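Numbering of residues begins at 1 and proceeds along the displayed sequence. Since the structure is predicted, the reported quantities are computational estimates derived from the model, not experimental observations.
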Amino acid sequence: MSEVIKSNAINPRKSGTKALFQSPLLEKLSRTHISVPVIIMLSYSTILIYWSITHTSLSVGLTIGLFFCGILFYTWLEYVLHRFVFHMATYTKTREKIQYVVHGVHHEFPKDKTRLAMPPLLSITLSTVLLLIFRVILGDFVFAFLPGVLVGYSSYLAIHYMIHVFQPPNNIFKRLWINHSVHHYKNGEVIFGVSSPIWDYVFRTFNR
């Protein structure tokens, strides 16, 4: 192919925000306070665990094991989506526009607190789609596995918010602040894991 793939690196601004949609309703729906999707995801996962306990024959040990498998799966999903979807190659105007709406605006305005998470309506929709897909694949196991995925996502939301809003702590978690700062301000093509760098090590995208 002779097409040149554009870099979607964007110079970050220290403050401010930007409207993505002309419709006031769509613009409002594209923003959220971080607590809203966190509460929704934790509530969703609690309901699924309750259903697992009351309507399936899964043992306690298997339920716990599937739950932690779900958390591990989420860290992989976070990496894959961030690397290949949020940072998709923008070799057409359409892809460039989609990439900007999905993630580019966050790189341009990383301090915008209202765009640090997927909007609630989209979060609920995607969670339900995952429930339907994994129900077919995993059967009753989904009611213990998907809560782990959703708790993993909730943890990501909390970590991502704190990294962009608060100063790094003087403990082991400071590394997460440093990693994500490298991704935002030094090289947007490395360190795609936010809640965990494990898959960056596996796929060699960790900038040493």
Within 6.0 angstrom of [X] [atom1], more than 12 heavy atoms from elsewhere:
X: K111; atom1: NZ; result: yes
X: L132; atom1: CG; result: yes
X: L72; atom1: CG; result: yes
X: W177; atom1: CH2; result: yes

Going hydrophobic residue to hydrophobic residue with side-chain gaps under 4.5 angstrom, can you get from [X] over to [Y]?
X: Y185; Y: F166; value: no
X: I47; Y: M41; value: no
X: L150; Y: V129; value: yes
X: F141; Y: I137; value: yes
X: V60; Y: V151; value: yes

Approximate separation, where rounding is to 0.5 Å, of [X] [atom1] and [Y] [atom2]:
X: Y50; Y: F143; atom1: OH; atom2: CZ; result: 13.5 Å
X: L176; Y: H160; atom1: CG; atom2: NE2; result: 11.5 Å
X: D200; Y: H183; atom1: CG; atom2: NE2; result: 9.5 Å
X: L126; Y: L131; atom1: CG; atom2: CG; result: 12.5 Å
X: T17; Y: E108; atom1: OG1; atom2: CD; result: 9.5 Å
X: I34; Y: R115; atom1: CD1; atom2: CZ; result: 13.5 Å

*asked:* Testing the 3.5 Å rule here: is there a donor-acceptor pair between the side chains of Y153 and S195?
replied: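 Not at all, the side chains of Y153 and S195 share no donor-acceptor pair under 3.5 Å.
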*asked:* Taking ring-ring contact (aromatic ring centres under 6.0 Å, His included) as the criterion, tell me which of F134, F67, F68, W199 meets it with F73.
replied: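 Going through the options one by one, the only one that passes is F134.
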Side chains of [X] and [Y]: closer than 4.5 Å at any heavy-atom pair?
X: K113; Y: H164; result: no
X: I191; Y: H180; result: no
X: V101; Y: F21; result: yes

*Does Y79 have R83 sitting over its ring (NZ/CZ under 6.0 Å from centre, angle to axis within 45°)?*
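No; the conditions do not both hold, so R83 does not lie above the ring face of Y79.
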*Quick one: which of L138, L130, I49 gives a side chain to side chain contact (heavy atoms under 4.5 Å, CB included) with L146?*
L130
*Decide if the gap between the ring center of F192 and the ring center of F203 is smaller than 6.0 angstrom.*
no
*SB check D112 K18 (cutoff 4.0 Å)*: no
*Determine, step by step, whether T128 and Y44 satisfy the side-chain hydrogen bond (donor to acceptor under 3.5 Å, both in side chains) criterion, reporting the C-alpha distance in whole Å, the side-chain angles of both residues, the deciding distance to 0.1 Å, and the verdict.*
CA-CA 10 Å; T128 303; Y44 206 133; 3.1 Å; yes
